[in-house]
Amino acid sequence: MARQTVAEQYVDLLARAGVRRMYGVVGDSLNPVVDAVRRHDALEWIQVRHEEVAAFAAGAEAQLTGRLAACAGSCGPGNLHLINGLFDAHRSMAPVLALAAQIPSSEIGTGYFQETHPDRLFEECSHYSELISTPKQMPRVVQTAIQHAVGRRGVSVVALSGDTAAEVSPDSGAELAMPLDRPAVRPGDQELARLVRLVDAAEKVTVFCGRGVAGAHAEVMAFAEKVKAPVGHALRGKEHIQYDNPYDVGMSGLLGYGAAYQAMHECDLLLLLGTDFPYTEFLPRDVRTVQVDVQPERLGRRTQLDFAVWGDVGETLRCLTPAVREKPSRRFLDRMLDRHVHALEGAVGAYTHNVEKHTPIHPEYVASVLDEEAADDAVFTVDTGMCCIWAARYLTPNGRRRILGSFVHGSMANALPQAIGAQFLDRTRQVVSLSGDGGFSMLMGDFLTLVQYGLPVKVVVFNNSSLGMVDLEMLVDGLPPHGTAYPHTDYAAIATAAGARGIRVEKPGDVRDALREAFAHDGPALVDVVTDPDALAVPPKITTEQVSGFALSASRAVLTGGVGRMIHLARANLRNIPRP
């Protein structure tokens, strides 16, 4: 058998690790690798317009599957464009292997054309970042990179010069020694015994869930039932815990709603399950707090803990729930459920009255109709900013839907690129991008990627001709919005000119039919909805200083956020409360 080149071996190792696509933009330093992908039966090169999109798309793949995904950038400016998407993937714990092509190996360190040092540049957004300077480093460096990405759940970066990639590897046909199944992690017996004592001693227990409860819905429900605990969640925990949850009290944080904030502050014991919730101002300071997380470095870094528990949420609860005493009283739980309903009813406000006739269109109405019309197993990708609020309050999880966003890194323009990665995984599954006009226009060039590959992504643009969240931030600070307005743009016409289905909506009565038409279209479609630029939202708990900021700056702004179908779910939970 002929020996493999370094590039061929790199591609072969990725295929053995389960990678099926490599997203990127071609360039001369990448030529040997791109050609190796072309000749490999199991891998496909996905040509995007911007390397940032490549990294976001790979990150979306990895988040949806839990498996390794890959992207690549050519030397210098090419691989630098990857960095924002890689930061997002790394902070989202998505296993991604990025190839950062390098200038000719003999020129490194001479200030050569397009010279950068990617092995140094990507250190902050990766678990592993190394340069392959000689073929003898293959395949060990690549295998180590894969193991870091998969085992530690994050990004690895391999820097590789084009001339080195073209050389023959001395070790052909190397096997990949990598376990693909993650082990279960449970606390020790002494830690469990102490946790049991804390739960038993508390009269009022509240559970607050993050993304780490994925796969542990049944375990959280069983625990909440036994100790009569209200269950709140962070944004990243919404899709995993809100559905089929008779103990749901909503979401806390900047985008929050319902009674989660009150339940967290009025309990005797707060259990933080699988969450790295960053907004410390929403966490209580005088409540006994326990945090359970499989990532030990996250324990106690947001709030002072009374007890830190290192373990998977599911494994921990499977051990904990049978050992704790069942609490006889539902008084605290029922009071929080009742408060949750009243909080949601108060949030409906102006956006439930004649919204079908209001022009410009309320974005809440668009999100509500979208939630009703989208498929039960849809994948939603959500731009950072106001789209996050509409997704948090209106998209209804059911255990089959997925919601992706730049929820930790907070990047603009993430929704369209993530939709590309999600749709490549399964062309038959509905993928919907909730894009703000600011985010969409930032990386709009990769709408052409949808057209090129015939990806049936449906892009819903909330077109308010402004950076709505930045407007809100300025108002809170008592400043008049400045530098946030965009000229009115017909994105549907742009989509049509690109060869996709473009639909412009300016009247609320046309929203439902437009969405149905887009969903029925066999190919990429964009629904450009002209929405109210004055539709703003405030968190469930705001300070006097923030209110003063609004009073100084807001001559007219709608502050009520609405909650969509969640009000019906909350009322149903309230009806299910046992009555004496």
Side-chain angles (χ1 to χ4, degrees), residues 6-7 9-11 13-14 17 19 22-25 27 29-30 32-34 50-59 61-63 67-105 107-112 114-165 169 174 176-178 295 297 406 408-409 411:
V6 170
Q9 192 171 78
Y10 181 86
V11 171
L13 286 169
L14 261 61
V19 175
M22 187 183 295
Y23 300 89
V25 178
S29 54
L30 268 177
V33 174
V34 174
H50 195 292
E51 289 91 350
E52 181 177 352
V53 172
F56 270 121
E61 263 205 36
Q63 288 185 69
R67 300 193 303 267
L68 186 70
C71 58
S74 59
C75 65
N79 62 59
L80 282 180
H81 287 158
L82 294 170
I83 197 163
N84 192 51
L86 291 183
F87 257 103
D88 183 81
H90 193 57
R91 301 186 73 182
S92 300
M93 299 178 66
V96 172
L97 178 57
L99 178 63
Q102 181 57 294
I103 63 171
S105 57
E107 303 297 337
I108 295 174
T110 68
Y112 192 72
Q114 294 188 322
E115 181 174 6
T116 60
H117 295 276
D119 51 314
R120 304 177 200 169
L121 287 166
F122 292 100
E123 282 185 350
E124 190 176 347
C125 64
S126 68
H127 291 305
Y128 184 85
S129 182
E130 292 294 343
L131 169 69
I132 295 179
S133 56
T134 170
K136 292 181 180 180
Q137 292 174 266
M138 285 290 288
R140 288 183 299 162
V141 167
V142 176
Q143 178 169 308
T144 303
I146 293 172
Q147 289 171 329
H148 274 75
V150 174
R152 299 183 63 183
R153 292 192 291 185
V155 170
S156 285
V157 180
V158 172
L160 177 65
S161 295
D163 60 300
T164 304
S169 172
L176 185 65
M178 184 189 68
Q295 303 290 127
E297 69 275 11
S406 186
V408 181
H409 188 49
S411 174

What heavy-atom pair brings [X] and [Y] nearest, and what distance separates the two atoms?
X      : Y      : result
Val25  : Glu51  : CB-OE2, 3.4 Å
Pro118 : Ala159 : CG-CB, 3.8 Å
Ala145 : Ser156 : O-OG, 2.7 Å
Ile132 : Val158 : CD1-CG1, 3.6 Å
Leu80  : Leu121 : CD2-CD1, 3.5 Å
Ser129 : Ser126 : CB-OG, 3.6 Å

Hey, could you give me the CD/OG1 distance between Gln102 and Thr164, rounded to the nearest 0.5 Å?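 One finds 9.5 Å between CD of Gln102 and OG1 of Thr164.
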May I ask you to check whether Ser411 and Asp88 show a side-chain donor-acceptor distance below 3.5 Å?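 On atom types as modelled, these side chains do not qualify, holding no pair under 3.5 Å.
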Using atom types as modelled, flag every donor-acceptor pair under 3.5 Å from a side chain in residues 68-79 to any protein atom, sequence neighbours excluded.
from, atom 1, to, atom 2, distance (Å)
Asn79, ND2, Ser74, O, 3.1
Asn79, ND2, Ala101, O, 2.9

Can we call the ring centroids of His90 and His127 under 6.0 Å apart?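 Yes, close enough.
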Decide if atom CD of Gln295 counts as having more than 12 heavy atoms of other residues, nucleotides or ligands within a radius under 6.0 Å.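 Enclosed.
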So Glu115 and Glu107, side-chain contact (heavy atoms from CB on, under 4.5 Å) or not? Walk me through it. CA-CA 9 Å; Glu115 181 174 6; Glu107 303 297 337; over 6 Å; no
Between Glu130 and Gln137, does a side-chain contact (heavy atoms from CB on, under 4.5 Å) hold up when you go through it step by step? CA-CA 11 Å; Glu130 292 294 343; Gln137 292 174 266; over 6 Å; no
Residues Tyr23, Val96; criterion side-chain contact (heavy atoms from CB on, under 4.5 Å); working and verdict: CA-CA 11 Å; Tyr23 300 89; Val96 172; over 6 Å; no
